[in-house]
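A, B, ... follow the sequence lines: proteins, then strands. Residue 1 opens every chain.
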2 protein chains.
Amino acid sequence: MNVEFDQIALTPAYRRVADAITERILSRTLREGERLPPETELARQLGVNRSTVREALRELECSGLLERRPGSKRMTVTRPQHRAIAKDVSRALALHDVTFLEVWTALTEFEPPVAESAARSRNAADLEHLAAVRARFDAENAATDKAVHHTAEFFRALGAATHNQVFALVHEPLIELLEPSLRDMIDQVAQARSRIAAAQRRLLEALERRDPEAARQWMARHIRDFRKGYELAGIDLRHRIG
Amino acid sequence: MNVEFDQIALTPAYRRVADAITERILSRTLREGERLPPETELARQLGVNRSTVREALRELECSGLLERRPGSKRMTVTRPQHRAIAKDVSRALALHDVTFLEVWTALTEFEPPVAESAARSRNAADLEHLAAVRARFDAENAATDKAVHHTAEFFRALGAATHNQVFALVHEPLIELLEPSLRDMIDQVAQARSRIAAAQRRLLEALERRDPEAARQWMARHIRDFRKGYELAGIDLRHRIG
DNA sequence: ACGGTATTATTGTCCGACAATCCGGCTATC
DNA sequence: GATAGCCGGATTGTCGGACAATAATACCGT
């Protein structure tokens, strides 16, 4: 008889604890909003020390499956926030020395469909929100930070207007990566602010008319404009971001 | 004199420790591949207990900034792996009850540009890899798991062939989300395998000819085919994934 | 210089402790 | 009866120390 041994599970306990709790959340045995049992209780149930449980909890906390509501002790089960996930994505890309050219190319291909889809799926509330964001850009774009922030918010509002979570989540990192270089460009190119304002106006009009084709085209121009701005500002597109 | 108090920093120590180390990595003070100092040393330097350091390390580990090389004790600084990040993204989307319709819509818009870009940027090695993946699909697609896996791998290889990290990272979650429902479909639709094989052949030919337009169009058909398959299999597109 | 061994360093896990503070119930007041 | 304030118990954040297992390193003989 051939007696072979399986590879012993070398995964540390904190990891297996994390996996166990994750599994409960993904299978929706633990539902969103529900409070997690106390650490001591978890430790007792799982047969490990509280310190081990705590290490596992840190892991779940950072992957966005648990959160501590402000002014609350116990942790509650939650779903990862799109914004937080997108931050991780853009951080990863930045660490991998992604260039602005790569980001711009992706924007060129991905944003026009987002705009097109938004023109199809937007509802009255989306329109209102977009108009508000655009108004804020027009009102306060003197400070670089404000201008960049409002520009990004307009993109985000478009993503939300598609009512497609995949669109919204996937284009969020692109916006995140656009911001730092936009900050550099917007101050060196005099006409940048007015061109952004114009693009936002056209896009909003297209959305109001529910005109997907126009939305797509104005977005395409908007993105091309960014590139022109970078070239005018003399920024090297192959330079890494962040 | 107006004596106002700042909001007391209520962020727990483990979080601030994590932030401190993260900052060091992002600023590249700690470079990739470098080994982190021992936990006791970190605790001493930061003036906290080792348990606190360990909680912080779990956080960095799960965000992919640190990893433990197999058969190694100390942790080394690393960059988040695209695959791991994509897993988080698709998990988040699944938890948010994304529907197959949303995924399919995103595929419709995002994959053709990826194919187009791949046709432009592919090099000989990419072509070879793609051919190998396609050959594997042709050779072993009897088992559902294999067929699904090879289909996904072909998409991944296309993403890599764009030589654009943003493309590659952004479409990865889409593939991840496609897999489970593809698994359901592929067994119920007799012609699914041959249609996938045909699409892969056409795509590969387009890439060989460096024909972006053909690549885009064949990909668009490929994605449309998926939808037809789901409809033939009687799968509700509005059903949530996962 | 090198392969193998002994020593040390480091991690994974446990235990116990304590202050801060959140939570839930109780009481007093209106 | 509702509400505000109070109080004790429950829970978390952080600490200190301990120990076995094993990776890392120094050492040593050839």
Worksheet item: With the sugar-phosphate defined as primed atoms, P, OP1 and OP2, and the base as all remaining atoms, what B/S/- string results for nucleotides 3-15 of chain C, 5' to 3', for protein heavy atoms under 4.0 Å?
Response: -------BBBBSB

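- The stretch residues 28-87 of chain B participates, sequence neighbours left out, in these ring-ring contact (aromatic ring centres under 6.0 Å, His included) pairs: A:His96-B:His82.
- Here B:Phe154 pairs with nothing under the ring pair (Phe, Tyr, Trp, His ring centres under 6.0 Å) rule; sequence neighbours left out.
- A:Arg35 meets the salt bridge (charged side-chain N to carboxylate O under 4.0 Å, His left out) test with no other residue; sequence neighbours excluded.
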Do any side-chain atoms of residues 126-134 of chain B form donor-acceptor pairs under 3.5 angstrom with protein atoms, and if so which ones, sequence neighbours left out?
| residue | atom | partner | partner atom | Å |
| --- | --- | --- | --- | --- |
| B:Asp126 | OD2 | B:Asn123 | N | 2.9 |
| B:Asp126 | OD2 | B:His163 | NE2 | 2.6 |
| B:Arg134 | NH1 | B:Asp138 | OD2 | 3.2 |

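- Contacts between chain B and DNA chain D, taken as any atom within less than 4.0 angstrom of a protein heavy atom, begin and end at D:dG13 to D:dT25.
- Listed by chain and number, the residues in a salt bridge (charged side-chain N to carboxylate O under 4.0 Å, His left out) with B:Arg50 are B:Glu39 (sequence neighbours excluded).
- For B:Phe137, the ring pair (Phe, Tyr, Trp, His ring centres under 6.0 Å) test picks out no residue, with sequence neighbours left out.
- A salt bridge (charged side-chain N to carboxylate O under 4.0 Å, His left out) check over residues 86-96 of chain B, counting only residues at least two apart or in different chains, returns the pairs B:Lys87-B:Glu176.
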